[in-house]
Amino acid sequence: MRRTNYCGLFSERDVGKLTTACGWVETKRDMGGVIFIDLVDREGVLQIVFNPAYTSPEAFALAERVRNQSTLLVEGEMFLRDEETVNPKIGTGTIELRVSHAELLSACGDLPFNPAEADDVREDLRLRYRYLDLRRKRLRDNIRFRHRVISSIRLFMDGEGFIDVETPILTKSTPEGARDYLVPSRVHPGSFYALPQSPQLFKQLLMVSGFDRYYQIARCFRDEDLRADRQPEFTQLDLEMSFVEMEDVLTLLENLLRHVMDEVKGVRFDEPFPRFTWAEAMDRYGSDKPDLRFDLPIVDITDLDAVSDFSVFNRAVEAGGVVRAITVPGQYDLSRSTINELTDFAIAEGAGGMAWIAWRPSGEIYSILTKYVKEENLLELLRRVDAEPGDFVLFSADKLDVVRHVTGALRLRLGDMLGLRQPDKFAFAIVTDFPMFEYDEESGRYTAQHHPFTMPFKEDLDYLLSDPPRVRSQAYDFVLNGTELGSGSIRIHRSDIQTRVFQALGLGEKEIEERFGFIINAFKYGAPPHGGFAFGLDRLVMILAGEQSLRDVIAFPKIRDASCPMTDAPTPVDDLQLDELSIRLADSIRPEDDRASTKEDKRRAELNVKRLADDSRLLISPEDEESVRDSLLELISFADALHEIDTDGLEPTFSTSESHDIWLTQRDERALTAEDALANAPESRQQFFFVPPVVE
RNA sequence: GGCGCAGUAGUUCAGACGGUUAGAAUGCCAGCCUGUCAAGCUGGAGGUCGAGGGUUCGAGUCCCUUCUGCGUCGCCA
């Protein structure tokens, strides 16, 4: 059954030849006496024609009943189409296969959706039938594009002398940073491997071993919440080089990206990638991952006289803060509602408010600032922010980090609003000189901004323990279109510095030894200075493919709760499997049947007395709860018992006893006080209790 | 965990103020049709309006609870 070629690769050269083709039925056009089928495979579409004039009766009958997405094998002669029946929309539009013989390879059942027209189908459904989803051209193209990106990376890395080395997937948990995925060990009950968050330590050890240049397309795992641009398992291009300085690594990375962009997108970058220190990026773009597809720089105006004229600005400055502005060229006529929207957005991002100036082309300045700021100071301000008549200027005044954040968010928002973030435009940026440490409010200690194996600047080494915030690290990020593609650093290769960094992070001697002893030890036997990088490959492919979600460039992605809708992973496992691993589940997550073995117990667990009491407006003390529960269960059991009595064919009765001559023999003679009567009311005051609104 | 959006035939969607038997397109089934390429024409089947409760004479529509999916913040060295 060897096919002659892929459906999409037949050409006019095949005309006149006896041909075999295989593929999926994409559409069928049944005219009664002649049937056209578009047969597709990964390379494209071919029209095959069934006509009793040249098609066997069996094949014709097959064509009549075959359904979309079934797989077929057909044989016949390839023909040139008549000029008026050419289809310019497909690559094989000038030819058609006239079928003599056909075979149904596999019939397609009722489809949950048709992949040929599924671009708008709910994503959760598509993910459950991912194998159908992947028949869509767009997704198939993305996955193939990803392959091309990886191929071009491998070609480049090989050419630069990098050696591909695999590192362990079952490794040691080092609980810094993201949460680990843990794998229990059968042989070592109670002990766990962790899946690697990155091959960081192994690649450094490969440098100690002398491999000099390592790379790997490595799978990494992080047990954190998902986003459109974040998956729990993702792929990195991981690399490491020995005897290098920062500049060597950056040059290599730039060249790698130039190579990839040229190979897979045909885009050339001749200029050096723009570089910023972390502080520059934060000040000018309000972000450590600036989107350079557009400019809209943030300008500091803290020192201007205009600032002291306006009390809102002045207060921020006197409190040690800053005032900054963004000039939006040509947007003086933003509508009031747009301005309000921007203001609300700024407030949501943490600003107190948002002052603005609309400088009309006539020269008139429309702004609340004109009331407070002297005209010459205002003009000076407009000069500083590089504004011209016709422009719109907006401001943020607050503490430095708030202003950085707010202006950064506004800048992106404005970019979106003005359509400046085009997906087919590519702008790289390199950010260097990150702070070594970040203060973590929650744990009350410093954490490594990049990771604890990053080499600080030589001139900052002395401040490691005395003034951690001052220490800058030799870390660098590559940014594409405002997305962090990856980060890297020059590593520490001396055990004494490594130990001091761990100390700065608040780790005790014993902890350091337990968690990282092996790497500190390794540095005692001659380690080369080294540095490297890790690229988020999925993200790179996503941006280059113009997609908004990583799920569109990963064959079998996970959804928001880190589960797989297709396989249903993760799933509970047999007790046997757990026993082997010496694992017992917490009571709270055991299946309910297990915990509440009898029907009675189960019901007891389900009966929410507090909720019932609330619904009935009754106050039931915690002590009474159990007895009320018992009474209720008794009632329910009694009702159940009644329910089970067979009453078929019985005369209905109105009472179980004679209904006459009944006296109430016992009377409660106590005088009822208001306090007694209201004793069980949830809320009462001055001998009244509150009537629930439902009754009102 | 917070906030926002969505959930109605297999699929994509419509459904004013709460009011007759919940519609359309497409897909599916049957019939017709020998040059279509989103084939066409005729007919038919197909619905727990995500689930539960409430208000009402009456709920797809209003209220409460809940589930699911997506986005976003927290989180992601």
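Protein chains get the first letters and strands the later ones, always in sequence-line order, with residue 1 at the start of each. Since we're looking at a predicted model, the values are computed, not measured.
Contact of A:D225 with B:G74 (side chain to base): a donor-acceptor pair of N or O atoms is detected under 3.5 Å. Judged by atom type and distance alone, A:D120 does not reach the base of B:U12 through any side-chain donor-acceptor pair under 3.5 Å. A:R81 contributes a side-chain N or O that forms a donor-acceptor pair with the base of B:C37 under 3.5 Å. Residue A:R128 places no side-chain atom within donor-acceptor reach of the base of B:G69, judged by atom type and a 3.5 Å distance cut-off alone.
Between A:D180 and A:S173, the side chains place a donor N or O and an acceptor N or O closer than 3.5 Å (distance only, hydrogens not considered). Under the 3.5 Å distance criterion, with hydrogens and angles disregarded, no donor-acceptor pair is assigned to the side chains of A:Q474 and A:S489.
You'll find the ring centres of A:F516 and A:F453 inside the 6.0 Å limit.
For A:I559 and B:C67, the CD1 to C1' distance is 13 Å, given to the nearest whole Å. Counting to the nearest Å, the P atom of B:C75 and the CG atom of A:D223 are 16 Å from each other. For the pair A:R179 CZ and B:G1 P, the interatomic distance rounds to 12 Å; values are reported in whole Å. Here the C1' atom of nucleotide B:C37 and the CG atom of A:L46 are 12 Å apart, to the nearest Å. Here the P atom of nucleotide B:U68 and the CZ atom of A:R126 are 21 Å apart, to the nearest Å. Rounded to whole Å, the distance from CZ on A:F79 to C1' on B:G35 is 14 Å. Put simply, CD on A:E349 is 13 Å from P on B:U72, counting in whole angstrom units. With rounding to whole Å, A:I35 atom CD1 is found 16 Å from B:C37 atom P.
Other residues, nucleotides and ligands place more than 12 heavy atoms under 6.0 Å from the CD atom of A:E64.
Comparing the P positions of B:C62 and B:G7 gives an interatomic distance of 12 Å, to the nearest angstrom. Nucleotides B:A14 and B:U8 place their C1' atoms 10 Å apart, quoted to the nearest Å. Here the separation of B:G27 from B:G74, taken at their C1' atoms, is 43 Å to the nearest Å. Rounded to a whole angstrom, the distance from the C1' atom of B:G71 to that of B:G31 is 48 Å. Remark: the separation of the C1' atoms in B:G15 and B:C29 is 27 Å, to the nearest Å. Atom P of B:G23 sits at a distance of 14 Å from the matching atom of B:A9, rounded to the whole Å. Nucleotides B:A59 and B:C49 place their C1' atoms 11 Å apart, quoted to the nearest Å. Taking the C1' atoms as reference points, B:A6 lies 13 Å from B:C13, given to the whole Å.
Using a 4.0 Å cut-off between charged nitrogen and carboxylate oxygen, A:D38 and A:R29 count as a salt-bridge pair. Between A:D124 and A:R122 there is a salt bridge, since at least one side-chain N of the basic residue sits less than 4.0 Å from a carboxylate O of the acidic one.
A close approach under 4.0 Å does occur between a side-chain nitrogen or oxygen of A:R122 and OP1 or OP2 of B:U12. Put simply, A:R67 has no side-chain N or O that comes within less than 4.0 Å of OP1 or OP2 on B:G10. Using a 4.0 Å cut-off, no side-chain N or O of A:T85 falls inside it from OP1 or OP2 of B:C37. Contact between the side-chain N/O atoms of A:R29 and the OP1/OP2 oxygens of B:U36 is not found at any separation under 4.0 Å. An OP1 or OP2 oxygen of B:A38 is reached within less than 4.0 angstrom by a side-chain nitrogen or oxygen of A:K89.
No aromatic stack links A:F113 and the base of B:U11, using centre distance under 5.5 Å and interplanar angle under 30°.
Contacts of A:D561 with the nucleic acid, taken as non-hydrogen atoms under 4.0 Å apart, involve only primed sugar atoms and P, OP1 or OP2. When heavy atoms are screened at a 4.0 angstrom cut-off, A:T27 is found touching the sugar-phosphate backbone but no base atom. Among the atoms of the strands shown, none is found under 4.0 Å from any heavy atom of A:S487. Residue A:E438 is classed as having no contact, given no heavy-atom separation below 4.0 Å to the nucleic acid. A:L111 comes within 4.0 angstrom of sugar-phosphate atoms only, judged by non-hydrogen atoms across all strands, and of no base. Counting non-hydrogen atoms under 4.0 angstrom, A:L125 reaches the backbone sugars and phosphates but no base. Counting non-hydrogen atoms under 4.0 angstrom, A:R65 reaches nothing in the nucleic acid.
Side chain of A:D460 to backbone of A:F457: no donor-acceptor contact under 3.5 angstrom is found.
Base pairing of B:A6 is made with B:U68, judged by Watson-Crick or G-U wobble geometry with both donor-acceptor distances under 3.5 Å. Pairing for B:C29 is with B:G43, a Watson-Crick or G-U wobble pair whose two hydrogen-bonding atom distances lie under 3.5 Å.
For A:A228, the side-chain atoms get nearest to B:U72 when compared with the rest of B:G35, B:C76, B:U72. Of the listed nucleotides (B:C37, B:C70, B:G35), B:C37 has the atom at the smallest distance from the side chain of A:N87. Listed nucleotides: B:U36, B:U11, B:C70. Nearest to the side chain of A:E123: B:C70. Comparing B:C75, B:G71, B:G35 by their nearest atom to the side chain of A:F36 picks out B:G35. For A:V121, counting side-chain heavy atoms from C-beta on, the closest listed nucleotide (B:G35, B:U11, B:C75) is B:U11. Closest to the A:R227 side chain, of the nucleotides B:C37, B:G74, B:C76, is B:G74. Out of B:G71, B:G35, B:C75, the shortest distance to the side chain of A:Q47 is found at B:G35.
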Apply ring pair (Phe, Tyr, Trp, His ring centres under 6.0 Å) to the pair A:F478 and A:F533, showing each step before the final yes or no.
CA-CA 9 Å; A:F478 268 63; A:F533 201 84; 5.4 Å; yes

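The nearest heavy atom of RNA chain B to A:S563 and to A:N114 marks one nucleotide each, and the one closer to the 5' end goes with A:N114. Of the two residues near RNA chain B, A:E96 and A:R230, the one whose nearest nucleotide lies more 5' is A:E96.
Glycosidic conformation at B:A24 (O4'-C1'-N9-C4 for purines, O4'-C1'-N1-C2 for pyrimidines): anti, more than 90° from 0. In B:C70 the O4'-C1'-N dihedral to the base is more than 90° from 0, which defines an anti nucleotide.
Here the CG-CD distance, from A:N114 to A:Q69, works out to 5.5 Å after rounding to the nearest 0.5 Å.
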